[in-house]
Protein chains: 2
Amino acid sequence: MENKKKTTIKDIAKALNITPSAVSKALSDHPRISDKTKKAVKKVAKTLNYQPNHLASALRKGKSNLVGVIVPRANSNFFSSVVEKIEERLSKEGYNVIITQSNESFSKECKNIESLLYTQVDGIIASMANETTVLDHYENIKSKGVPLIMFDRGEDTLEVDYVGIDDYNSSFAVVEHLKNQGCKRIAHIGGYSHTRIYKNRIIGYKEALESFNLPIENELIHECNLTIEDGRRIMQQLLELPKPPDAVFAASDFAALGALQILEENNIAIPNDIALVGFSNETFTSLIKPSISTVNQRSERIGTLAAETFLKRVNDTNWKPKLNKIIVDSELIIRDSSNKSKLLD
Amino acid sequence: MENKKKTTIKDIAKALNITPSAVSKALSDHPRISDKTKKAVKKVAKTLNYQPNHLASALRKGKSNLVGVIVPRANSNFFSSVVEKIEERLSKEGYNVIITQSNESFSKECKNIESLLYTQVDGIIASMANETTVLDHYENIKSKGVPLIMFDRGEDTLEVDYVGIDDYNSSFAVVEHLKNQGCKRIAHIGGYSHTRIYKNRIIGYKEALESFNLPIENELIHECNLTIEDGRRIMQQLLELPKPPDAVFAASDFAALGALQILEENNIAIPNDIALVGFSNETFTSLIKPSISTVNQRSERIGTLAAETFLKRVNDTNWKPKLNKIIVDSELIIRDSSNKSKLLD
DNA sequence: TATGTTTGTTCAAACGATTGAATAGATTGT
DNA sequence: ACAATCTATTCAATCGTTTGAACAAACATA
């Protein structure tokens, strides 16, 4: 069973008594090779179970047809769906996609970048880990002339193509919705403001409050890592306030879930006593009771657009100077956790 | 900013007025190179921001230090955790991991294998798509002499190393637990029996019923794709039976969730009227109400062991003939959906 | 002093595929 | 019939790194 030695173009050449270069050209349909030879080569290639050696051709051509993707974690609806779309789009163009996950860790992210560059990928599509504040490793990608596209979590100081939603507007829309539900004291469990998207969500939240003449109170605003545990801890703190909020907007569904657990453990009616909205449209938000209102980040469009931005970058080499920022519309999904009117039905 | 031309060992050699081969040897700490030269080379390498070209060294060495992983979907607790552990273990050994997902599709799985082989990976660690019944593409991996390790979803006919749990015993334990809860008519929402693990779960279920003198009734046994929708559909059918079951054991948490939704929509008490157990310990099983009893497949151990099996294969080349089947103990997690005694507290 | 050993480096041939230039043979034009 | 053109192929260099063999110089041994 073991064909230990892999067949190369040399083997095909020998079998047909022609040179390896003729074989190479035949396989890539070079116009100057006769149809007869092409047919013969392809036939022998098949019978010998020939598989081109990617390493060799990539080395010679200076192009690996590999694209690296870095996500904070694959175990998330949003990211796995983005990745799926990137793969779908790029495979049509003959690229293979290498997926790596940083697990939200800065050092893992650095390692991932290092190994992707080492693998000689033709480009990198990435979303930053929560931990990341220094950007040297990303600058390193740029300095090597490797195209870099960021999505969802990116920073402005890093001057690269970006695809994501308008976090400011999304956040604004959430607060507007909660106001329309009659909420007056809206708390925010946010991500750390050193990350652009979380900063924008905080600003959107604050400016919405302002424009609706609702109070901005620091005791209602918390920054954290947005885990379930963080959600629980902060919700607990909010409940212990002399004047607890009547709505909570969490910048992640996981934090929202933690908050929801605490509310249920304290027998607080959702959404009537306290309304709740999350962010990202994780699968579980629609599965649990009450279902959690959230923001759909349009992962499919983001994935496809990220892939297409990369393709433009590699195909239009003269398009270098211009920078691309693509903002995709998000969608507020109103579910039971914040829909008071539904209770009247 | 753009360093268009990447630095190679030739550049380093020129800078120090030595030959490229001396540089290569210095960088890999060859014993015959003087410490003085090594230091100098490494210093210049750093200042020139030298990054070795993986393609060239892999081509020359005939080893890419890349390992491919194929999972049905990354968006799952079990698989993403396995992948994480594989990565953790292999990166210690200097390997980089390429993750691909088949999305449960046979054709995507074929493409993944093709592109991994094309990338010249040193090995492949895979779990089969649900759709897959023909195994030619896996045989192709073997015939190329590339080590192949299967985990969780593998077939016996494919004679390769395997890591997984004992599905038969796990299934048996679930039924035993349900019997201990006083259940007498236990239904099974199973996967298609052409897949080994689902077949074993069905056999475990049947033989458990037999050994506890419970009836085996075909109307209580259904094979499907184990999606939420399948769970809903089959649960509906089970409820419409003249004699509905008093327990349902689903071979996946998603199917269990679908069943749970139907039960709640019909105001059927869980676990008292109908007890429910799933499989895989997906995140949401502990988050929803009632929490779903399930089987923990020990993804971390499976991941680590799969990685280590691969390492053994590549390091002990003379270990060829022996075949490795590693069975990891699973763990039954009893939660509210099947714990009647808890209600008495 | 001749001989053997150690040390540090260079040489040259790979790895497998690609590609522009060179070449030989067939075909066309005048 | 001789040059010009076209066709199908071979030649040879190249991508960047690795590695065993070769080599020269320095050193130790007898």
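Below, read A as the first sequence line, B as the second, and so on, with proteins coming before strands; counting in each chain starts at 1.
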Check your understanding: Between A:Thr119 and A:Val121, is there a donor-acceptor pair closer than 3.5 Å when you use the side chain of the first and the backbone of the second?
Key -> no
Check your understanding: Does a side-chain N-to-carboxylate-O contact under 4.0 Å join B:Glu114 and B:Lys111?
Key -> no
Practice item. Please state how far atom CG in B:Leu55 lies from atom P in D:dG16, giving the value in whole angstrom units. Key: 10 Å
Review point. A:Gln51 and B:Lys144: side-chain donor and acceptor closer than 3.5 Å?
Key: yes
**Study point:** Between D:dT19 (C1') and B:Ile9 (CD1): distance, integer Å
**Key:** 12 Å
Revision key, fill the gap. When the rotation axes relating C1' atoms of four end pairs to the next four are compared across the helix from C:dT1-D:dA30 to C:dT30-D:dA1, five pairs an end, they differ to 10° by 60°
Revision key, fill the gap. For B:Lys61, the side-chain contact (heavy atoms from CB on, under 4.5 Å) test, sequence neighbours excluded, returns B:Ser57
Check your understanding: Got a sec? Which of residues 12-37 of chain A come in under 4.0 Å of DNA chain C, heavy atoms?
Key -> A:Ser21, A:Ser24, A:Lys25
**Study point:** Length of the line joining A:Gln51:CD and C:dG16:C1', which is rounded to integer Å
**Key:** 14 Å
Review point. Just by distance, do the side chain of A:Asn130 and the backbone of A:Glu104 share a donor-acceptor pair under 3.5 Å?
Key: no
Review point. Does any donor atom in the side chain of B:Lys142 or B:Asn140 lie under 3.5 Å from an acceptor atom in the other side chain?
Key: no
Review point. If you draw the axis of the six-membered ring of B:Tyr162, does the NZ or CZ of B:Arg196 fall within 45° of it and under 6.0 Å from the ring centre?
Key: yes
Exercise for review: May I ask you to verify if any side-chain N or O of A:Tyr50 is less than 4.0 angstrom from the OP1 or OP2 atom of C:dA17?
Suggested key: yes
Revision key, fill the gap. Between NZ of B:Lys10 and P of D:dT17 the distance, given in whole Å, is 9 Å
Review point. Does a side-chain N-to-carboxylate-O contact under 4.0 Å join A:Asp35 and A:Lys42?
Key: no
Review point. Between A:Lys6 (NZ) and C:dA17 (P), how many Å, whole number?
Key: 11 Å
Check your understanding: Between atom CG in A:Leu59 and atom P in D:dG16, what is the gap in whole Å?
Key -> 7 Å
Practice item. Can you establish whether the number of heavy atoms outside B:Glu159 located under 6.0 Å from its atom CD is more than 12? Key: no
Check your understanding: Whole Å only: how far is the CG atom of B:Asn53 from the C1' atom of D:dT14?
Key -> 13 Å
Check your understanding: Nearest-Å distance, NE2 (A:His54) to P (D:dC15)?
Key -> 18 Å
